[in-house]
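Just below is one structure, and these are the notes that go with it.
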2 protein chains.
Amino acid sequence: MVNSHALRPSDGATLQLDTFLPYRLNVVTQAVSQALARLYSEEFGISVPEWRILAALGEAQRAGGPDWPGMTARDLARHGSMGKVMVSRAAAALVQRKILVRKANAADRRESFLHLSRKGAGIYMAIVPRAHAFQEQLARGISASDAQAFDRVVRHLMKAAGSAEAALLEDA
Amino acid sequence: MVNSHALRPSDGATLQLDTFLPYRLNVVTQAVSQALARLYSEEFGISVPEWRILAALGEAQRAGGPDWPGMTARDLARHGSMGKVMVSRAAAALVQRKILVRKANAADRRESFLHLSRKGAGIYMAIVPRAHAFQEQLARGISASDAQAFDRVVRHLMKAAGSAEAALLEDA
DNA sequence: TATTGTTATACTCTATAACTATA
DNA sequence: TATAGTTATAGAGTATAACAATA
């Protein structure tokens with residue numbers, strides 16, 4: 001029988017892999033992520049980092065008014081939890097494919113503003129409902145209270161991951 | 001303000017990236033996984049796939065009696081959710097470092113049995129408490145009921161990921 | 001001097017297919 | 001023919017450092 005507590009393992013001398021949180025996170029994330037990546041790439045020719053940029057820009061562009069300036073690579077990196085290297089590459093590819101438009105920032109010429117082109121906005125609008133449908137499909141059968149608990153745990157893990165590492169390396 | 005429901009996004013035309021489940025899973029898993037990977041590699045010189053093999057063998061070796069035969073690469077691949085390619089490579093590296101011992105199976109000479117050497121068992125015994133401590137550190141502050149709910153959701157997502165992809169590609 | 005962004009390099013993990021040796 | 005395992009190759013993502021342009 002399988003131990004059912006992902007966060008409370010059983011005994012001290014052994015470790016049941018399928019109750020080990022990092023393992024389970026890896027497996028489930030890989031399954032979800034890969035399914036979605038296939039959707040992006042097969043239907044829209046978009047990679048995951050590219051999607052994150054589209055999502056950030058689509059969201060901000062709609063929220064910002066008509067003279068919304070766009071987002072810099074730095075903004076996108078923070079918003080999408082990506083390194084600046086990945087953002088630079090993905091953005092360059094999207095600009096080349098005319099999905100993004102890049103405009104120089106006269107006030108600080110190191111950076112530039114990116115926003116969705118009309119084509120990019122079209123792709124964004126096509127992907128969003130599919131992404132929602134995907135998420136709904138995944139969530140179907142999960143109770144509201146479980147969903148909320150899950151959300152709390154994810155939020156907690158996000159904060160805890162950094163400090164857990166620090167704590168463990170300390171007393172090594 | 002941040003939308004707090006990871007599994008129930010807000011409106012149809014936009015998608016808030018930080019409420020999108022695959023994104024959140026990716027980010028949290030990456031944080032957790034990378035923290036742990038650093039621990040394995042810096043202190044024990046073990047990669048994540050190698051750790052999965054150690055964990056599977058350590059667990060089974062302890063459960064099985066003295067004439068437990070070992071596990072085949074195929075067993076390890078299934079148990080650790082890895083492709084046979086990864087298992088083959090990781091196992092070869094571990095055998096070379098004398099952490100695993102490989103014994104031919106006379107009954108079916110295509111496969112062979114792997115088990116932990118004394119050295120391997122030592123490493124396993126050193127890692128397990130650290131892994132438990134890591135998990136406990138992560139879980140500290142999570143209520144028992146949230147942990148159970150989280151477990152149910154992870155389990156659900158694992159099953160749902162495959163079918164969600166199928167459902168979405170169907171009506172494309 | 002510090003920061004934005006780009007390029008180069010290397011490494012890990014993944015995916016696929018081709019191949020072997022057995023069965 | 002099918003299976004266990006290995007090897008080769010290519011891809012995506014990450015991490016790091018070096019670099020150019022600008023502040």
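Below, chain A is the first sequence line, B the second, and so on; all start at residue 1.
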B:R74 side-chain proximity, nearest of C:dA23, C:dG5, D:dG5:
D:dG5
Please state how far atom CZ in A:R102 lies from atom P in C:dT4, giving the value in whole angstrom units.
15 Å
Distance in angstrom units between A:I46 CD1 and D:dG13 P, rounded
12 Å
Name the nucleic acid region contacted by B:V85, choosing base, sugar-phosphate or nothing; use a 4.0 angstrom heavy-atom cut-off, strictly under.
base
Is any side-chain N or O of A:R110 under 3.5 Å from a base N or O of C:dT3, one able to act as donor and the other as acceptor?
yes
Taken to the nearest whole Å, CG/B:L36 to P/C:dT12 is 16 Å
Spacing of B:E111 atom CD relative to D:dT6 atom P, expressed in whole Å:
11 Å
Upstream residue (5' side of DNA chain C) when A:S112 and A:Q30 are each assigned their closest nucleotide
A:S112
Base, sugar-phosphate, or nothing: which does B:M86 touch, judged by heavy atoms less than 4.0 Å apart?
base
What is the separation between atom CZ on A:R38 and atom P on D:dG11, rounded to the nearest whole Å?
17 Å
Do A:Y23 and B:S81 pair up side chain to side chain, a donor and an acceptor below 3.5 Å, judged on atom types alone?
yes
Rounded distance (nearest 0.5 Å) linking atom CZ of B:R155 with atom CD1 of A:I142
13.0 Å
Given C:dC13, D:dG5, D:dT7, identify the nucleotide with an atom nearest to the side chain of B:S47.
C:dC13
Counting side-chain heavy atoms from CB outward, which of D:dT22, C:dA23, C:dG5 is closest to A:R109?
D:dT22
Rounding to a whole Å, what distance do you find between B:L94:CG and D:dT6:P?
12 Å
From D:dG5, D:dG13, C:dC13, nucleotide with atom closest to B:V48 side chain
C:dC13
Is B:Q34 near enough to C:dT12 that one of its side-chain N or O atoms lies under 4.0 angstrom from OP1 or OP2?
no
Integer-rounded Å distance: D:dT3 P and B:D75 CG
16 Å
First encountered from the 5' end of DNA chain D, between A:A107 and A:S81
A:S81
In whole angstroms, how far is the P atom of D:dG13 from the CG atom of A:N26?
16 Å
Should B:Q61 and B:W68 be marked as a side chain to side chain contact (heavy atoms under 4.5 Å, CB included) after you check the CA-CA gap, both sets of side-chain angles, and the distance that decides it?
CA-CA 7 Å; B:Q61 197 155 323; B:W68 171 73; 3.3 Å; yes
What nucleotide, of C:dC13, C:dG5, C:dT6, holds the atom closest to the side chain of A:S88?
C:dT6
For A:L114, is there any backbone N or O sitting under 3.5 Å from a side-chain donor or acceptor partner on A:R102?
no
For the residue pair B:E42 and B:L39, establish whether any side-chain heavy-atom pair is separated by less than 4.5 Å.
no
